[in-house]
Amino acid sequence: RIVTGSPTRRSPSSSRARMPVGRPGVAEFAGRHARQRGVDPINIALAYVLRQPFPTFALIGPRTLEEFHGSLPGLAVELSSEELRWLNLE
């Protein structure tokens with residue numbers, strides 16, 4: 001959930017405890033860079049997945065044709081190496 005910035009995972013020490021996963025501010029980063037490019041934040045997330053240096057594929061899961069069409073601009077989004085490093089927590 002790169003777009004919401006709110007993914008969690010269960011702590012190994014307690015099945016009830018929740019720990020945040022990822023970098024704080026990812027949602028703001030995606031929103032800011034999406035506005036600069038005239039796309040939605042989900043397109044930044046899609047570009048990030050597709051620009052990994054290892055084989056990946058994105059499971060976008062649109063529920064409607066409109067959601068599908070809304071994901072397509074992510075195919076053309078180019079992220080700089082600096083942006084990719086930031087999103088990779090480097």
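On a predicted model such as this, the values are computed, not experimentally measured, just so you know.
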_Using modelled atom types and a 3.5 Å cut-off, is there a donor and acceptor pairing between side-chain atoms of N43 and backbone atoms of G38?_
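Absent.
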
*Determine yes or no for a side-chain-to-main-chain donor-acceptor pair under 3.5 angstrom, with R35 supplying the side chain and P41 the backbone.*
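No; zero donor-acceptor contacts below 3.5 Å.
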
*Can you name the side chain to side chain contact (heavy atoms under 4.5 Å, CB included) partners of Q36, sequence neighbours left out?*
R32, H33

*Answer yes or no: does atom CD of E82 have more than 12 heavy-atom neighbours from other residues, nucleotides or ligands under 6.0 Å?*
no

Search all heavy atoms of [X] against all heavy atoms of [Y] and return the closest pair with its distance.
| X | Y | answer |
| --- | --- | --- |
| A58 | L46 | CB-CD1, 3.2 Å |
| F68 | P62 | N-CB, 3.5 Å |
| F57 | V49 | O-CG1, 4.1 Å |
| R51 | V77 | NH2-O, 2.7 Å |
| P73 | V39 | CB-CG1, 4.0 Å |

_All side-chain hydrogen bond (donor to acceptor under 3.5 Å, both in side chains) counterparts of T56, not counting sequence neighbours_ = none

*asked:* Test of understanding: with side-chain hydrogen bond (donor to acceptor under 3.5 Å, both in side chains), list the residues that count as partners of E67, not counting sequence neighbours.
replied: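 With neighbours one apart ignored, the set is R63.
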
_Pairwise distance CG(L50) to CG(L79) - rounded to 0.5 angstrom_ =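 Interatomic distance, L50 CG to L79 CG, rounded to 0.5 Å: 10.0 Å.
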
*Looking at CG of L84 and OH of Y48, how far apart are the two atoms once the value is rounded to the nearest 0.5 Å?*
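Answer for the CG-OH pair, L84 versus Y48, is 7.5 Å.
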
*Do any pairs count as a side-chain hydrogen bond (donor to acceptor under 3.5 Å, both in side chains) and have a residue in residues 68-80, sequence neighbours left out, and if so which ones?*
S80-E83

*asked:* Which residues end up grouped with F54 if you chain together Ile, Leu, Val, Met, Phe, Trp and Tyr wherever their side-chain heavy atoms are less than 4.5 Å apart?
replied: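 Its cluster mates, by chain and number: none.
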
